Every structure is written in C-alpha cells, then in structure tokens.
Chemist: 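Before we start, here is the structure in question, set down as structure tokens.
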Amino acid sequence: QNKRTGSFPVSENDYLRNAVNTAKEALLVLDNELRIIFANLAFSRLFLTGSSANEGHSLYAIEDGQWNIPVLKDRISVLLRDNTEFSDLE
C-alpha cells in the first residue's frame, strides 16, 4: 500500500485493462496467437458477452466461429505483417 495516497499499487495488466475499458469503442486485446486476453466493456455490451467469457480463447473460435471470417483473417494478417492498423471492417 502506498503510504502517501493510501492506494494499492496497480499492475501493468490492471492499468491496461482499466485504460481499455474507458474506450467507448468495442476493443479486444489479443496475444500473439490471437487469443483474447480481454474484451472491454463496450465490446461485451455490443456483442452481448460476459467481459471474461471469451478470455483465453482464439478470436476465430469464439461465438461458434462467428469471427472466423476470411476477410477479417486477411486484414489481421496484413496488420500483423506490416505493423499497420485498420478500422470499420464490415
């Protein structure tokens, strides 16, 4: 416990989770194997999942394969290969 503020130290993971949860957009944090580390509250609300229901599962395996979409896989592959970003994939 921090004597000056009376608060407990926050781990990097908790700090990241709290920061991502403040985003209004639906966000997923994935590991290098595209497994879900966590989904923010906006994602959980938008896709009607529990905030931790899909943690540890492959992005392409969740929701009965609902995210196993060829164009999504292609975009993510390019993103990882070229260290770029994308948004608004429909």
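Residues: numbered from 1 along the sequence shown. Note that the coordinates shown come from a computational prediction; the quantities given were computed from them, not determined experimentally.
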Chemist: Is it the case that the side chain of Ser44 and the backbone of Asn40 share a donor-acceptor pair, with hydrogens and angles ignored and the cut-off at 3.5 Å?
Modeler: yes
Chemist: Would you call Tyr60 and Ile76 a side-chain contact if the rule is heavy atoms closer than 4.5 Å?
Modeler: yes
Chemist: Is the CG atom of Asn83 crowded by more than 12 outside heavy atoms at less than 6.0 Å?
Modeler: no
Chemist: Distance from Lys73 atom NZ to Leu59 atom CG, nearest 0.5 Å?
Modeler: 9.5 Å
Chemist: Are more than 12 heavy atoms from other residues, nucleotides or ligands located less than 6.0 Å from atom CG of Asp82?
Modeler: yes
Chemist: Identify every side-chain donor-acceptor pair in residues 21-31 under 3.5 Å, counting partners at least two apart or on other chains, and give the distances.
Modeler:
from	atom 1	to	atom 2	distance (Å)
Asn21	OD1	Leu41	N	2.9
Asn21	ND2	Arg17	O	3.4
Thr22	OG1	Ala19	O	2.6
Asp31	OD1	Glu33	N	2.9
Asp31	OD1	Leu34	N	3.1
Asp31	OD1	Arg35	N	2.9
Asp31	OD2	Arg35	NE	3.0
Asp31	OD2	Arg35	NH2	2.9

Chemist: Sub-3.5 Å donor-acceptor pair from the side chain of Asn54 to the main-chain atoms of Ile62, do we have one?
Modeler: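 The answer is no, because no donor-acceptor pair under 3.5 Å joins these two groups.
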Chemist: Begin with the C-alpha distance, continue with both residues' side-chain angles, and end with the deciding distance and a verdict on side chain to side chain contact (heavy atoms under 4.5 Å, CB included) for Ile37 and Glu55.
Modeler: CA-CA 5 Å; Ile37 296 173; Glu55 290 179 8; over 6 Å; no
Chemist: When you group the ILVMFWY residues by side-chain heavy-atom contacts below 4.5 Å and let the links chain together, are Val78 and Trp67 in the same group?
Modeler: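 Different clusters: Trp67 never reaches Val78 through Ile, Leu, Val, Met, Phe, Trp or Tyr contacts under 4.5 Å.
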